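Only one structure is covered here, and it is reproduced in the block below.
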Amino acid sequence: MKKTVRKGVAVLAMLCMMCCLCLNGLTVYATEVSEGGTGADENGFTVDSTGALVSYTGVGGDITVPSNVTSIAGNVFSGNTTLTSVTIPGSVAVIGDGLFTNCTSLTTVTVQGNISAIPSQMFYNCANLSSVYVPASVTAIGASAFAGCVSLSGITIPSAVASIGDGAFSNCTSLTGVSIPSTVSSIAANAFTGCSNLGSYTVESGNAYYASANGCLYNKSMTKLINCPEGRGSVTIADGTKIIGSNAFYRCAGVTTLALPASVTTIEANAFTGSGIKDVTILSSVTSIGSQSDWSADVIYGENNSAAETYAESNNIVFQALSGSSNKNDNKDDNNNNGKKDNKDNNDNNGNKDNNGNTDNNNNSDNNGGSAGDNNSGTAGTVSGSGSSVSGGSSSGTGSGTASGNNGSGARATGVSHQKDATPKTGDGINPIFFFCIAALFIGVYLFASGKKKNA
């Protein structure tokens with residue numbers, strides 16, 4: 001009996017030891033898998049067997065990534081509010097997206113590696129970031145890479161950069177100037193949106209795709225205005241510019257008055273969207289104006305019968321004709337063809353009685369049915385009217401009248417007099433046939449019912 005008990009105890013002890021070893025082995029294995037084969041070093045860096053930095057659990061402050069790291073996974077430092085300064089060594093060749101997203105205490109970053117791109121959202125919303133060193137090896141700046149870096153007052157874009165992505169520097173409110181290298185061939189439309197203090201673009205002369213003048217960004221041939229920096233208080237558009245591009249003045253709150261040169265022919269849709277432009281001069285050379293959302297000027301100055309006038313009228317904006325502008329529909333002669341003013345001739349027969357001594361009361365004015373445009377609508381009516389005399393005898397009179405608004409062009413209208421019918425019509429009564437049909441229906445029903453009773 002005792003031997004049996006002892007054997008049982010021994011077996012249980014062995015089983016317990018085996019379970020402990022297995023559990024320990026599983027724990028070690030899980031740790032190795034989660035950490036890529038190695039654990040965190042004394043500074044909190046976890047580097048896997050391939051040399052990739054996969055996590056950081058250190059205390060923050062000023063840190064330097066270990067020299068054995070060759071790549072850094074995305075979001076490794078994301079949301080870490082203890083970091084103040086980071087140095088990335090030359091051994092690092094690849095960096096994942098969102099590396100420092102929301103690192104709000106980070107002030108300085110130095111990238112010594114030979115990376116080819118600043119990835120998307122690398123410094124997104126790093127509110128205190130004021131200094132960044134970007135290596136010369138970088139050829140692309142990704143979407144929203146520096147978006148929301150409100151303390152970044154300046155940045156040197158490396159001379160090898162070819163593309164600047166969507167919203168790359170959006171809402172960098174301390175940025176005052178940008179220098180575009182000669183290698184840049186692509187700048188996203190809203191790369192600098194929200195940079196409210198950006199005062200100028202400077203494009204190197206050797207650039208084959210872009211140019212700059214008076215602080216604004218143009219295409220290489222200077223025929224299209226691409227963007228006016230949001231921080232400008234006034235702007236002079238270069239002569240020779242033909243197109244005002246979409247979003248060219250987006251969020252330009254400081255530009256309130258704008259005069260387009262005579263070379264401009266096209267204003268693209270949303271060119272003025274979100275701008276502070278209130279007074280704009282658009283000459284007759286402009287033949288196309290796209291719709292402009294979230295924008296309404298106080299007044300548009302231009303020439304009569306132009307695209308500017310049409311746009312103003314269609315969008316309820318005051319239109320002011322430029323001095324010397326002619327209106328093809330203006331009629332300065334208020335007199336009719338007989339040299340008499342229309343408003344003074346009240347009767348077709350000049351106040352004369354007809355043959356029976358009766359005054360013609362059917363045609364009271366030469367402009368019967370006509371309408372004239374007032375100063376605000378700028379429309380004019382050209383009408384004709386005819387009438388016949390009553391109470392014996394006959395005479396007829398025709399007259400025409402023209403008038404035009406001071407500021408607009410006339411639209412022709414034609415008025416025709418109508419004579420009432422001699423005998424007024426009343427509404428249709430009930431047709432007697434209707435009653436006949438009802439009677440026939442009742443008779444039929446009665447005969448049918450009677451037949452049923454007899455058969456019963």
Side-chain angles (χ1 to χ4, degrees), residues 23-135 137-138 141-156 158 168-175:
L23 289 173
N24 186 58
L26 289 172
T27 301
V28 172
Y29 175 75
T31 301
E32 289 179 348
V33 170
S34 65
E35 296 182 356
T38 61
D41 63 16
E42 66 276 10
N43 294 315
F45 295 102
T46 300
V47 183
D48 69 11
S49 58
T50 65
L53 176 61
V54 295
S55 69
Y56 173 75
T57 57
V59 296
D62 298 342
I63 66 170
T64 299
V65 174
S67 58
N68 63 327
V69 173
T70 57
S71 64
I72 304 176
N75 299 299
V76 166
F77 301 106
S78 178
N80 191 319
T81 58
T82 64
L83 292 177
T84 56
S85 175
V86 177
T87 299
I88 299 175
S91 57
V92 175
V94 179
I95 295 176
D97 293 345
L99 181 61
F100 297 108
T101 294
N102 293 319
C103 291
T104 54
S105 297
L106 188 64
T107 60
T108 305
V109 174
T110 300
V111 183
Q112 298 175 342
N114 292 316
I115 60 174
S116 60
I118 300 295
S120 298
Q121 298 187 338
M122 181 170 177
F123 300 102
Y124 180 79
N125 202 32
C126 291
N128 283 294
L129 185 66
S130 59
S131 177
V132 178
Y133 173 78
V134 181
S137 56
V138 171
I141 298 176
S144 301
F146 295 92
C149 294
V150 296
S151 297
L152 190 65
S153 59
I155 186 166
T156 300
F169 294 93
S170 62
N171 298 314
C172 290
T173 54
S174 295
L175 202 61

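Small disclaimer: the values here were computed from a predicted structure and weren't measured.
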Tell me, do Phe77 and Leu53 make a side-chain contact under 4.5 Å, heavy atoms counted?
yes
Does Val69 offer a backbone N or O that forms a donor-acceptor pair with the side chain of Ser91 under 3.5 Å?
yes
Tell me, yes or no, whether the heavy-atom count around Tyr124 atom OH, taken from other residues, nucleotides or ligands under 6.0 Å, exceeds 12.
no
Quick one: pull up CG in Asp48 and OG1 in Thr46 and give me the separation to the nearest 0.5 Å.
9.5 Å
Donor-acceptor pair, side chain of Ser67 and main chain of Pro89, under 3.5 angstrom:
no
How far does CE of Met122 sit from CD1 of Ile72, to the nearest 0.5 angstrom?
7.0 Å
Taking all heavy atoms of Leu83 and all of Gly60, pick out the closest pair and write down the distance.
CD2-CA, 3.8 Å
Quick check: do Leu99 and Val76 have side-chain heavy atoms less than 4.5 Å from each other?
yes
Name the one of Ile63, Val109, Thr110, Asp62 that satisfies side chain to side chain contact (heavy atoms under 4.5 Å, CB included) with Ser85?
Asp62
What closest approach, in Å, do Ala40 and Thr57 show between heavy atoms, and which atom pair accounts for it?
CB-OG1, 4.4 Å
Audit row: Ile95, Ile88, side chain to side chain contact (heavy atoms under 4.5 Å, CB included) steps and yes/no
CA-CA 10 Å; Ile95 295 176; Ile88 299 175; 4.0 Å; yes
Heavy-atom side-chain contact between Phe100 and Leu129 under 4.5 Å:
no
Hey, are the side chains of Pro135 and Ile115 touching, using non-hydrogen atoms and a 4.5 Å cut-off?
yes
Does some side-chain heavy atom of Asp97 sit less than 4.5 Å from a side-chain heavy atom of Gln121?
no
Quick one: closest heavy-atom pair of Gly79 and Cys103, and the distance?
N-SG, 4.2 Å
With the side chain counted from C-beta on, respond yes when Phe146 and Ile118 share a heavy-atom pair under 4.5 Å apart, and no when they do not.
yes
Heavy-atom donor-acceptor pair, Thr82 side chain to Gly61 backbone, under 3.5 Å
no
Of all heavy-atom pairs linking Ser78 and Gly98, the shortest is CB-O, 3.9 Å
With side chain to side chain contact (heavy atoms under 4.5 Å, CB included) as the test, pick out the partner of Asn128 among Leu152, Val150, Thr107, Thr108.
Thr107
Heavy-atom closest pair, residues Ala145 and Pro119
CB-O, 3.7 Å
Would you say the side-chain atoms of Asp41 pair up with the backbone N or O of Asn43, donor to acceptor, closer than 3.5 Å?
yes
